[in-house]
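Each ligand, and each atom within it, is numbered from 1 in the order the structure gives.
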Amino acid sequence: MKASSLLHRPIYGGVFGKGRYSLASLPCVLGGLHAVRYMVIDPRAGAVLSMADEKTQALVRARRHLEAVPAAPQQDWLWPPEEVPLSRSAKRVSRRRREVFDRSGGRCHYCTAPLELDGRWHVEHMIPKSLLGDDLPLNLVAACVRCNLSKGARTALEFVMGGGA
Ligand SMILES: [Zn+2]
């Protein structure tokens with residue numbers, strides 16, 4: 001499916017700003033049934049802010065995601081590249097991973113598979129570093145290993161439009 005066939009309309013007001021973000025619906029097959037998934041996207045950045053089976057849930061998640069971003073840059077925004085931890089000890093979960101985990105609601109940003117905080121999941125750049133994506137919180141989401149590896153260097157929007165993992 002091409003991005004141009006995605007049905008989306010700008011969202012006005014509130015934390016979503018003056019139409020910068022769009023609410024998009026994406027037909028898909030879930031458990032053998034045709035369904036629609038909703039997502040809030042930033043078309044200019046090619047980023048997917050949230051994804052859910054319900055419209056309101058997609059909006060709530062996107063709002064939480066946006067509100068979690070601090071107003072001013074801080075030194076600790078510049079994090080080193082994240083490794084998948086080998087230890088399952090919760091003590092070894094870094095503050096960044098915790099923040100990304102909480103903001104993603106404990107689920108994979110793309111396929112919504114539940115993740116364990118101290119389990120194997122990736123801190124994922126929605127806009128990849130190879131496309132000059134940054135390490136700011138807004139660009140970071142939790143992704144399961146399968147989605148992270150199959151997304152590769154695509155932007156989050158390209159990945160979702162390509163059918164995901
Ligand atoms: Zn996933």
Side-chain angles (χ1 to χ4, degrees), residues 1-3 5-8 21-43 45-69 79-90 92-131 133-165:
M1 188 188 296
K2 288 193 181 124
S5 70
L6 184 70
L7 285 173
H8 66 89
Y21 305 105
S22 293
L23 180 68
S25 54
L26 180 71
C28 64
V29 177
L30 282 177
L33 296 170
H34 288 279
V36 176
R37 307 209 73 186
Y38 294 93
M39 48 188 183
V40 175
I41 60 175
D42 181 343
V48 178
L49 270 58
S50 68
M51 212 155 123
D53 298 334
E54 284 179 65
K55 211 180 285 184
T56 45
Q57 193 61 31
L59 289 167
V60 165
R61 282 188 198 163
R63 187 170 295 130
R64 206 186 296 146
H65 185 76
L66 288 169
E67 284 172 348
V69 178
W79 291 295
E82 191 82 13
E83 299 290 321
V84 176
L86 297 173
S87 163
R88 293 184 57 82
S89 159
R92 295 199 49 191
V93 177
S94 69
R95 193 169 58 133
R96 169 165 89 140
R97 276 180 81 83
R98 270 179 205 284
E99 284 174 7
V100 172
F101 185 88
D102 289 345
R103 229 180 19 249
S104 298
R107 287 173 177 276
C108 172
H109 184 69
Y110 301 109
C111 70
T112 72
L115 304 168
E116 284 177 53
L117 178 60
D118 59 350
R120 284 171 59 84
W121 55 272
H122 291 257
V123 172
E124 150 74 15
H125 288 75
M126 284 202 294
I127 303 174
K129 288 193 158 191
S130 57
L131 297 177
D134 53 36
D135 284 326
L136 303 186
L138 189 56
N139 194 35
L140 298 173
V141 291
C144 71
V145 174
R146 197 176 66 119
C147 285
N148 179 272
L149 294 182
S150 51
K151 176 174 172 287
R154 289 176 286 174
T155 68
L157 190 52
E158 286 168 340
F159 174 64
V160 170
M161 295 314 301

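- Heavy-atom minimum distance, R120 versus V145: O-CG2, 3.6 Å.
- N139 places no side-chain N or O within donor-acceptor distance of the main-chain N or O of H125, the cut-off being under 3.5 Å.
- Proximity of M126 to D42: side-chain heavy atoms (C-beta onward) are nowhere separated by under 4.5 Å.
- Side-chain contact between V141 and Y110 is present, with at least one heavy-atom pair separated by less than 4.5 Å.
- Ring-plane geometry between W121 and F101 is classed as tilted, the angle between the planes lying from 30 to 60 degrees on a 0 to 90 degree scale.
- Put simply, the side chain of S50 never gets that close to the backbone of R61: no donor and acceptor are under 3.5 Å apart.
- Distances from the Zn ion (ligand 1) under 2.8 Å pick out these protein N/O/S atoms: C108 SG, C111 SG, C144 SG, C147 SG.
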